[in-house]
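Everything below concerns the one structure shown next.
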2 protein chains.
Amino acid sequence: MSEPRARVIPEATVARLAVYLRVLTGLAEGGRSSVSSGELASAAGVNPAGLRKDLSYLGPCGVRGVGYAVPALRERLARALGVEEARSCVLVGMGNLGSALAGYAGFGSRGFSFVGLLDADPARVGEVVGGTAVRPVDDLEDVVAEHGVTIAVVTTPAVVAQQVCDRLVAAGVRSIVNFAPVALVVPAGVDVRQVDLSVELQVLAFLDQQKGVHLVADRETEQVALP
Amino acid sequence: MSEPRARVIPEATVARLAVYLRVLTGLAEGGRSSVSSGELASAAGVNPAGLRKDLSYLGPCGVRGVGYAVPALRERLARALGVEEARSCVLVGMGNLGSALAGYAGFGSRGFSFVGLLDADPARVGEVVGGTAVRPVDDLEDVVAEHGVTIAVVTTPAVVAQQVCDRLVAAGVRSIVNFAPVALVVPAGVDVRQVDLSVELQVLAFLDQQKGVHLVADRETEQVALP
DNA sequence: CACTGTGAAATTCTTCACAGCG
DNA sequence: CGCTGTGAAGAATTTCACAGTG
């Protein structure tokens, strides 16, 4: 019961660590050996002080007066995020979005490996996407068991997302990213991250509209004549 | 200079309003006429009190003791989000992801209309996705001008995202959703929303890893023998 | 001396409890 | 009586300023 140090990493920080990891991978491929918080922050689109605070949750990992060693920091981040060794995932629903995700080479280099691509449409089965053949969705339980998969990505139509989710959970999956526009119901102990691709567009539409607002009455429900 | 009421809507709320709008659209199609905060909240995956608070930024819009009128609330949300009338957008980069977004019927029903689908690959030009023909990326400035587009979606490879962005901004676009894994640099007055599809997966990997942690030493850098 | 690491302040966001109305 | 609307408490997150170190 004695926790030596409650160095809990805030979730907002975890999300940014993933971005830093991507940037660092790019720098490493470019042969860079060190980088300052300012440069890394601007490449990641965040402010430098925030970046340093984020990294501080991993304990000291830079060199004062110099910056951060690119390969060392990269490894540290990968370990912290749990992707030091490739993690096996399944992806259910090989529509446009599923294919896009499966074909995205970035995942491989970031510690994820799709060991199963599943689809209910027999016409799609056998198709090879990103080096892996699509299998029938009936193989779900087998694939999960074979590879000890704990992470799944759901890109099915909304109407079947919940039943796919139920099967995944029953098969032993404990972490799910859901792109279908429905809120999934899962038992305690299972994590679901809901991603809605259109939300960002709507936020943008809102901000865009705000820009055009310079002189507008308080009322939205009624327009009244001006004096 | 006299603001009548600083009823500013927090950004986190705006993002959720977009989700409520989607749920309400589903309810409306199902013929529902009213809904309570509890039901709406569970369908949206949030807590009821938070939902009520979110809606309160739009001013009172429910009936006490009953709930919310579905069509009225839907209209109110659409207006608040700036999608009461369909907004014209361009999408640049018709790879897998671009095609997925362009083909997603949800956008049409949620107030967005892609008036231009652009790609640099001549092989893709002419292809019809979601009812719109793909045009060469050279038409970018023309399409933006023709339709007075202010919102753009970038789904190009990372290496060309910045130059595409520059052209969009020069053509008059003020709001951009960027799916390419680079931080775009834009002048003041232009909004960029960065979306990284792999971040959610990485956050999940982190949480998944945490679950397995029950007895672990403080040190990450060294493994020591146990007594 | 430049740049990291970090407490402390400021801000934003979430949750709670209950007043208020149909 | 049931469910909305909301101030106020609480938690999380961001920002700041500066001490500390190679």
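Proteins get letters first, then strands, A, B, ... in listed order; numbering begins at 1 in each. The figures that follow rest on heavy atoms only: side chains count, while hydrogens, waters and symmetry mates do not. These numbers come from a predicted model, not from an experiment.
Whole-Å rounding puts the A:L58 CG to C:dG5 C1' distance at 12 Å.
Nucleotides of DNA chain D with any atom under 4.0 Å from a heavy atom of chain B span, from 5' to 3', D:dG2 to D:dA8.
Of the residues in residues 61-68 of chain A, those with a non-hydrogen atom less than 4.0 angstrom from any atom of DNA chain C are A:C61, A:G62, A:V63, A:R64, A:G65, A:V66, A:G67, A:Y68. Near DNA chain D, defined here as any heavy-atom distance below 4.0 Å, there are no residues from residues 35-43 of chain A.
When all heavy atoms of A:G62 and A:Y68 are compared, the closest pair comes out as CA-CD2, 3.4 Å. Across A:V92 and A:L140, no two heavy atoms sit closer than the pair CG2-CD1, 4.4 Å. Of all heavy-atom pairs between B:V182 and B:N178, the closest is O-ND2, 3.0 Å. Contact detail for A:L91 and A:A102: the closest heavy-atom pair is CD1-N, 4.1 Å.
Among pairs with a residue in residues 18-42 of chain A, those fulfilling salt bridge (Lys or Arg N to Asp or Glu O under 4.0 Å) read A:R22-B:D196, A:R32-A:E39, at least two apart in sequence or across chains. Among residue pairs with one or both ends in residues 48-70 of chain A, those qualifying as salt bridge (Lys or Arg N to Asp or Glu O under 4.0 Å) are A:R16-A:D54; sequence neighbours excluded.
Between the two ends of the helix from C:dC1-D:dG22 to C:dG22-D:dC1, each summarised by a five-pair axis, the helix axis turns through 10° (rounded to 10 degrees).
Under the 4.0 Å criterion applied to side-chain N and carboxylate O atoms, B:R79 and B:E85 are not assigned as salt-bridge partners. A salt bridge links A:R193 with A:E11: the closest approach of a Lys/Arg side-chain nitrogen to an acidic carboxylate oxygen falls below 4.0 angstrom.
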Distance-only donor-acceptor hits, side chain of residues 168-176 of chain B, under 3.5 Å, sequence neighbours excluded:
unit_1, atom_1, unit_2, atom_2, d
B:S175, OG, A:D208, OD1, 2.7
B:S175, OG, A:K211, NZ, 3.4

Identify every side-chain donor-acceptor pair in residues 42-49 of chain B under 3.5 Å, counting partners at least two apart or on other chains, and give the distances.
unit_1, atom_1, unit_2, atom_2, d
B:N47, OD1, B:A49, N, 2.9
B:N47, OD1, B:G50, N, 2.8

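In this structure, the side chain of B:Q209 does not engage the main chain of A:V83 through any donor-acceptor pair within 3.5 Å. Under a 3.5 Å cut-off, the side chain of A:Q202 and the backbone N or O of B:G111 do not form any donor-acceptor pair.
For the salt bridge (Lys or Arg N to Asp or Glu O under 4.0 Å) test, no residue two or more places apart in sequence or in another chain qualifies with A:R74. The ring-ring contact (aromatic ring centres under 6.0 Å, His included) check on A:F107 picks up A:Y104, A:F114, with sequence neighbours excluded. Applying the side-chain contact (heavy atoms from CB on, under 4.5 Å) test to A:A15 and every residue at least two apart in sequence or in another chain returns B:V199, B:V203.
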Annotated protein contacts, base or backbone, on nucleotides 9-14 of chain C with a non-hydrogen cut-off under 4.0 Å, one of B, S, - each
----SS
